[in-house]
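Written below as structure tokens is the structure these notes are about.
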Amino acid sequence: MVSETGRTISSEREPLLDRQGTTFDSEHLVQDRLLEGPLNEDDDCTHYLADSKSDLLVCFVGKDAANPEEVPESRRRLGVVSAIFLIFNRIIGTGIFSTPSIILRSAGSVGVTMLMWMIGAAIAAAGAAVYVELGTGLPRSGGEKTYMEYLYRRPRYLVSCMYASYALFIGWTSANSTAFGQYVLHALGIAPGTWNVRLVGISCTMFCLAMHGMFMKWGIRMQDWVGIFKVFVLLAIILSGVFHLLGVPGFGLEDGVEAPHNLEWNTMWEDTTKDVNSLVTGMFNVAWAYIGYHNANYVLSEVKNPIRTIKIAAPVAVLFVAMVYLSVNIAYFAVVSKDDILGSRQIVAALFFRNLFGARIEKTLSIIIALSTLGNISVTLFAYGRVIQELGREAILPWSPFFASNKPFGTPLAGLTTTALVSSAIMIAAPPGDAYLLMLSMSAYPLAIFNTLVSAGLMLLSTRWYRSYNWRPPFRAYKPVVVWFFFANLFLITAPFVPPAPGFKQYEHLPYWSHAVVAVSISLIGICYWLVRFNWLPRKGGYMLRRQWIKTEDGSSRATFRKVPVEVRIDA
């Protein structure tokens with residue numbers, strides 16, 4: 001078959017590209033490596049033969065060349081539909097039910113608000129194209145970790161250690177678990193308090209841990225079912241708005257509700273803000289509402305026919321989400337007046353249902369949003385548990401055999417448990433007040449950093465400095481798309497440091513840049529770990545670390561490090 005680049009490829013199941021851009025061929029890799037000169041501390045070896053200069057040295061340059069991604073077919077259980085819902089559930093959590101009001105306040109007018117949502121869709125589409133290219137070129141689990149390791153190889157293991165600090169310590173599900181607790185208690189008619197909200201949130205996290213850690217098949221089915229339910233709910237909102245516009249009986253406004261005129265051309269652009277800071281804040285919230293287009297890339301090792309699947313799943317999921325977001329916003333503006341949206345602290349979805357069906361639907365809406373949040377928690381835990389497993393398989397983490405294992409249920413239970421426990425600990429330790437928003441923003445900010453780095457790396461792959469990589473993925477994103485995605489995420493990195501408009505407060509008690517500073521500071525943990533494990537300890541002990549790849553009982557592979565005395569050298 002022929003790829004998008006015009007090159008012929010044998011199959012969409014062909015082996016991974018190695019770090020020199022070729023498929024796995026041990027004999028030629030050995031010969032090519034020996035021609036380059038003596039071994040150094042950057043080489044990864046499966047056998048280290050120090051007693052002979054003439055013997056063939058079985059040394060593979062990098063993880064890809066060693067082809068550790070020999071995943072048994074029995075572990076590839078995710079099809080196209082499950083991959084789509086991994087992305088869909090990650091993108092759509094609580095945002096579409098609440099952020100439209102925040103974005104309207106930032107934009108000032110309905111017209112600019114809709115333009116912002118369209119720009120967000122363009123960023124998400126570009127992100128999907130970037131991650132499809134990377135996913136088809138390196139079709140294995142790990143997501144940004146895998147791609148940054150491939151792109152940024154010096155200093156050795158530094159990127160991996162920095163990423164590991166985020167994977168372990170961010171607490172990816174803590175904010176949404178807290179939101180889940182609030183909505184469940186509201187639906188049950190129980191007054192939300194600091195500790196009952198956290199107890200329900202932690203219970204939700206542990207439920208998802210049990211499903212994905214011990215009953216993986218049912219865990220996948222659960223998040224697929226939640227995704228299907230979410231689709232029906234969003235379609236119901238869209239159709240209700242359309243029926244109202246068409247004057248269908250039963251979809252008129254309740255008595256006493258102000259009739260909106262948001263979609264009339266003469267009023268759409270009224271009160272458009274001229275404050276740049278306010279527009280930046282609105283665009284920032286829109287961009288975060290689309291985050292999640294890369295979620296399937298975290299688990300490609302468990303996807304059937306991963307190259308074909310990611311090429312279908314990512315575009316379909318992002319296109320559907322963009323259509324849903326735009327349609328739901330039109331439905332909101334068709335039913336709820338602009339003044340009601342701006343003047344109320346309620347989420348806009350509550351105003352929508354109140355105007356059409358009365359206040360009796362309020363508890364039902366809380367259940368709907370709680371289930372939507374459950375889907376987001378489930379797919380996030382599912383993905384990051386596997387990221388931690390990849391870090392264990394590559395021996396980056398301490399006690400790597402423990403984190404790399406699939407025992408006893410054929411799942412990455414150690415990685416899943418770590419994600420769940422850290423998220424629960426953050427929920428318990430977080431102070432009231434600004435805690436929820438801080439957790440939410442702090443978990444989103446690192447993604448912009450990773451997106452900036454991988455898109456910059458993708459641009460570098462087309463330069464002469466990276467020609468030796470011989471990057472030839474089955475799918476190529478257009479260069480202008482990659483550049484657009486790079487600058488969009490560069491904006492997301494820098495925007496939190498721009499002072500907000502007068503009268504607008506990101507937090508009640510914290511500086512507006514708090515989440516960005518905290519998120520960046522977490523990388524220091526990884527840098528310190530790298531300095532100690534891969535630099536100070538080897539120098540103090542007089543050895544170099546050699547990474548070897550070994551087979552495990554289930555047919556997959558994992559790495560281990562050997563300490564090689566620095567006196568032992570091999571000349572080519």
Side-chain angles (χ1 to χ4, degrees), residues 85 88-89 91-105 109-111 113-114 117-118 121 179 182-189 224-268 270 289 319-376:
F85 280 122
F88 181 77
N89 274 322
I91 296 177
I92 299 183
T94 61
I96 190 57
F97 301 108
S98 58
T99 55
S101 58
I102 300 172
I103 295 162
L104 178 60
R105 282 195 292 272
S109 68
V110 173
T113 298
M114 296 303 296
W117 283 102
M118 292 178 188
Q182 291 172 337
Y183 285 114
V184 167
L185 292 174
H186 187 268
L188 296 175
D224 288 351
W225 291 338
V226 171
I228 292 171
F229 170 79
K230 201 182 301 187
V231 169
F232 278 112
V233 169
L234 293 170
L235 289 178
I237 293 174
I238 294 169
L239 291 175
S240 296
V242 171
F243 292 160
H244 170 72
L245 289 173
L246 295 176
V248 175
F251 291 90
L253 297 178
E254 292 284 298
D255 294 337
V257 172
E258 179 185 354
H261 302 283
N262 299 319
L263 301 180
E264 297 175 7
W265 184 260
N266 293 333
T267 59
M268 279 186 67
E270 289 181 352
L319 177 62
F320 184 69
V321 167
M323 293 173 59
V324 165
Y325 275 0
L326 293 173
S327 301
V328 167
N329 272 280
I330 291 172
Y332 287 156
F333 289 129
V335 172
V336 185
S337 71
K338 181 179 176 181
D339 290 339
D340 276 355
I341 296 175
L342 294 174
S344 175
R345 286 187 169 270
Q346 291 180 325
I347 59 175
V348 67
L351 297 173
F352 177 88
F353 283 105
R354 184 205 66 184
N355 287 3
L356 283 183
F357 309 112
R360 62 186 180 276
I361 200 73
E362 188 175 354
K363 289 187 177 181
T364 303
L365 178 62
S366 294
I367 296 173
I368 290 171
I369 299 178
L371 286 173
S372 178
T373 309
L374 170 64
N376 185 280

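Nothing fancy with the numbering, it's 1 onward along the sequence.
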- Mind running side chain to side chain contact (heavy atoms under 4.5 Å, CB included) on Ser240 and Phe357 for me, showing each step along the way? CA-CA 10 Å; Ser240 296; Phe357 309 112; 4.1 Å; yes
- Is there a side chain to side chain contact (heavy atoms under 4.5 Å, CB included) between Thr113 and Lys338 once you walk through the steps? CA-CA 12 Å; Thr113 298; Lys338 181 179 176 181; over 6 Å; no
- Query: Would Phe320 and Ile92 satisfy side chain to side chain contact (heavy atoms under 4.5 Å, CB included), going step by step from the backbone distance to the final call?
  - Reply: CA-CA 11 Å; Phe320 184 69; Ile92 299 183; over 6 Å; no
- Given the rule in the side chain to side chain contact (heavy atoms under 4.5 Å, CB included) test, do Val335 and Phe251 qualify, once you have shown the distances and angles that lead to the verdict? CA-CA 10 Å; Val335 172; Phe251 291 90; over 6 Å; no
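At distances below 3.5 Å, at least one donor-acceptor pair connects side-chain atoms of Tyr325 with backbone N or O atoms of Ala289. Side-chain atoms of Asn89 never come within 3.5 Å of backbone atoms of Gly375 as a donor-acceptor pair (strictly under, hydrogens ignored). In terms of modelled atom types and a separation under 3.5 Å, the side chain of Thr267 and the main chain of His261 share a donor-acceptor contact.
Taking CD1 of Ile238 as the reference point, atom OH of Tyr332 lies at 9.5 Å (rounded to 0.5 Å). One distance of note links CZ of Phe232 with CD1 of Ile237; it measures 14.0 Å at 0.5 Å rounding. Separation of atoms CZ (Phe352) and CD1 (Ile341) is listed at 11.0 Å; rounding is to 0.5 Å. Of the inter-residue distances, the one linking Ile368 atom CD1 with Thr373 atom OG1 reads 11.5 Å to the nearest 0.5 angstrom. A distance of 9.0 Å separates CE of Met268 from CG of Asn262, quoted to the nearest 0.5 Å. One distance of note links CG of Leu239 with CG of Leu246; it measures 10.5 Å at 0.5 Å rounding.
Summarising the geometry of Gly241 relative to Ala331, their closest heavy-atom pair is CA-CB, 4.0 Å, with the distance given to 0.1 Å. His244 approaches Gly252 most closely through the heavy-atom pair ND1-CA, 4.1 Å. Considering every non-hydrogen atom in both Phe88 and Gly227, the closest pair reads CE2-O, 3.7 Å.
By the 4.5 Å heavy-atom criterion applied to side chains, Phe353 and Thr364 are not counted as neighbours. Inter-residue side-chain proximity for Asn329 and Ile96 is flagged as met; some heavy-atom pair is nearer than 4.5 Å. Pro100 places none of its side-chain heavy atoms less than 4.5 Å from the side chain of Phe333. Met114 places a side-chain heavy atom less than 4.5 Å from the side chain of Ile330. Residues Lys230 and Leu371 are not in side-chain contact: their nearest non-hydrogen atoms beyond the backbone lie 4.5 Å or more apart.
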